[in-house]
Amino acid sequence: MTILLTGGTGKSASPLAKLLLNANIPVLLATRSGSVPAPFRGVRFDWLDPSTYRLPFETDSTIDRIYLIAPPVLDMFPPMKAFIDVAIEKGVKRFVLMSAALLEAGGQAMGKVHEYLHSREVEYCALRPSWFFDNLILHYSDHIRKNNEIVNAAGSGAIGWISTDDIADVAFKALTDPVIAHKNPIMVGPELFTYAQIAEIMSDVLGRKITHKNVSADEFKAVMVERGMPEDYAAVMSFMDVSIAQGAEEQAFRKADFVGSRSLRDFIKTHKDAPEWKSAM
Ligand SMILES: NC(=O)c1ccc[n+]([C@@H]2O[C@H](COP(=O)([O-])OP(=O)(O)OC[C@H]3O[C@@H](n4cnc5c(N)ncnc54)[C@H](OP(=O)(O)O)[C@@H]3O)[C@@H](O)[C@H]2O)c1
């Protein structure tokens, strides 16, 4: 029986794939190109191309559980529903969906997928993590490199930053336990940090002064569009920063069902020499 990981080489699926491999559980990684690092098996799969939806099941007819990473488009529900329907028809019994701490079942984005899974006769878990450590490298590095600044609209809102290794641990259990322990766990890391506090840690670890520059939601949206993000997606992301500023992630931290153990400071230390953070000044 095989587990299919969509977003197969992404941030959370990569450590999850390693956990499954180490446990000798057959795993198949879906990516748009179909190519994946050895020793994994890969399959071509594109959420935005329905002609690829059956390829995983043609590659391995024993897929019975799927890890769902949404495509980076605002209206992800139609393609995800269509693929979930194909998967159920092919005998898939369990889905583990990557949602987000602030997304309730039936709400926006993955919230709709969560609600759909609930409406079907399948086992499911909707993971609801807070923000990933990796964002500091992937989303903020351009300004860190150029101006030693973390730029966003999150103000002094705190976040319960979480490691994708901690997320992978929970996803592994949700995919492999005989019974899913919690169907929609809010997941956070061990500590709350504002961006100003993160800038202090980064200053300490990288050995140069990094500051947090707070901008308006509109200015932050423009920054993300300049980075190449579609305008509608950037609008939602900047709205999320406003909700962080208003304390929404801090509230999620207070009611979390799972608290990870990996520390943000350790993550920054591990990536201290990352080229993404090297000063270009
Ligand atoms: N970052 C955060 O702080 C955070 C917090 C809470 C929730 N989330 C949610 O987590 C999810 C992202 O999870 P992740 O970070 O583990 O994934 P990820 O690193 O963003 O990786 C997603 C992978 O999906 C693949 N992909 C992109 N477009 C695709 C398409 N059209 N069809 C099929 N595959 C496609 C890409 O691989 P290829 O290019 O190889 O196809 C990419 O590596 C998002 O839904 C996000 O909203 C993120």
Side-chain angles (χ1 to χ4, degrees), residues 4-19 28-37 40 42-53 55-56 66-80 82-83 95-104 107-114 126-141 152 154 157 159-172 184-189 193 195 198 224 228-230 233-234 236-237 239-241 243-244 248-249 252-253 256 258 260 264 267:
L4 175 71
L5 306 186
T6 62
T9 51
K11 297 185 286 297
S12 60
S14 295
L16 175 58
K18 286 185 191 136
L19 291 174
L28 181 63
L29 308 186
T31 66
R32 281 170 297 177
S33 65
S35 59
V36 300
F40 292 101
V43 63
R44 195 163 66 80
F45 174 80
D46 188 337
W47 286 110
L48 307 183
D49 177 1
S51 74
T52 65
Y53 289 0
L55 296 180
I66 301 184
Y67 183 59
L68 294 170
I69 294 290
V73 294
L74 264 200
D75 195 9
M76 69 268 292
F77 181 64
M80 293 189 80
F83 176 64
F95 296 86
V96 173
L97 167 71
M98 169 68 81
S99 186
L102 301 187
L103 293 180
E104 301 287 348
Q108 289 183 342
M110 288 88 78
K112 280 193 196 159
V113 184
H114 181 167
L127 304 172
R128 297 176 57 195
S130 191
W131 295 73
F132 304 173
F133 293 172
D134 311 64
N135 296 357
L136 295 172
I137 293 186
L138 295 171
H139 303 320
Y140 292 110
S141 49
N152 65 20
I159 296 174
W161 296 86
I162 184 164
S163 160
T164 46
D165 288 314
D166 283 326
I167 295 172
D169 288 343
V170 179
F172 176 85
N184 56 352
I186 293 179
M187 303 160 59
V188 299
F193 289 111
Y195 281 96
I198 290 176
M224 288 183 287
M229 192 178 276
Y233 207 88
V236 170
M237 294 306 286
F239 170 77
M240 289 174 92
D241 259 23
S243 63
I244 293 170
E249 286 287 340
F253 182 85
F258 169 86
L264 181 60
F267 174 86

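In listed order, ligands and their atoms are each counted from 1.
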For atom 17 (O) of ligand 1, what is the nearest protein heavy atom, given as residue, atom name and distance?
I69 CG2, 3.8 Å
Which part of D46 is near ligand 1, with near meaning a heavy atom under 4.0 Å away: side chain, backbone, both or neither?
both
Going by distance only, is there an N or O of H139 that falls short of 3.5 Å from an N or O of ligand 1?
no
Give the atoms of ligand 1, by number and element, whose distance to some non-hydrogen atom of A100 is under 4.0 Å.
6 (C), 7 (C)
Which protein non-hydrogen atom lies closest to atom 23 (C) of ligand 1, naming both residue and atom, and how far is it?
G7 CA, 3.6 Å
For atom 21 (O) of ligand 1, what's the nearest protein heavy-atom neighbour? Residue, atom name and distance, please.
G10 CA, 3.4 Å
For R128 and A101, indicate whether the former's side chain and the latter's backbone hold a donor-acceptor pair under 3.5 Å.
yes
Under 4.0 Å from one or more heavy atoms of S12, ligand 1 contributes atoms 14 (P), 16 (O)
Please list, in number order, the atoms of ligand 1 under 4.0 Å from a heavy atom of M110.
45 (O), 47 (O)
Counting from 1 in the order shown, the ligand 1 atoms closer than 4.0 Å to a non-hydrogen atom of W131 are 3 (O)
May I ask you to identify, for A30, whether its side chain, its backbone, both or neither come under 4.0 Å of ligand 1 on a heavy-atom basis?
neither
Would you say W47 has any N or O atom under 3.5 Å from an N or O of ligand 1, going by distance alone?
yes
Using distance alone, determine whether R32 and ligand 1 share an N or O pair under 3.5 Å.
yes
Is the shortest N/O to N/O distance between S130 and ligand 1 below 3.5 Å?
no
Taking only non-hydrogen atoms of P72, do any sit less than 4.0 angstrom from ligand 1?
yes
Mind checking whether S99 has a heavy atom under 4.0 Å from ligand 1?
yes
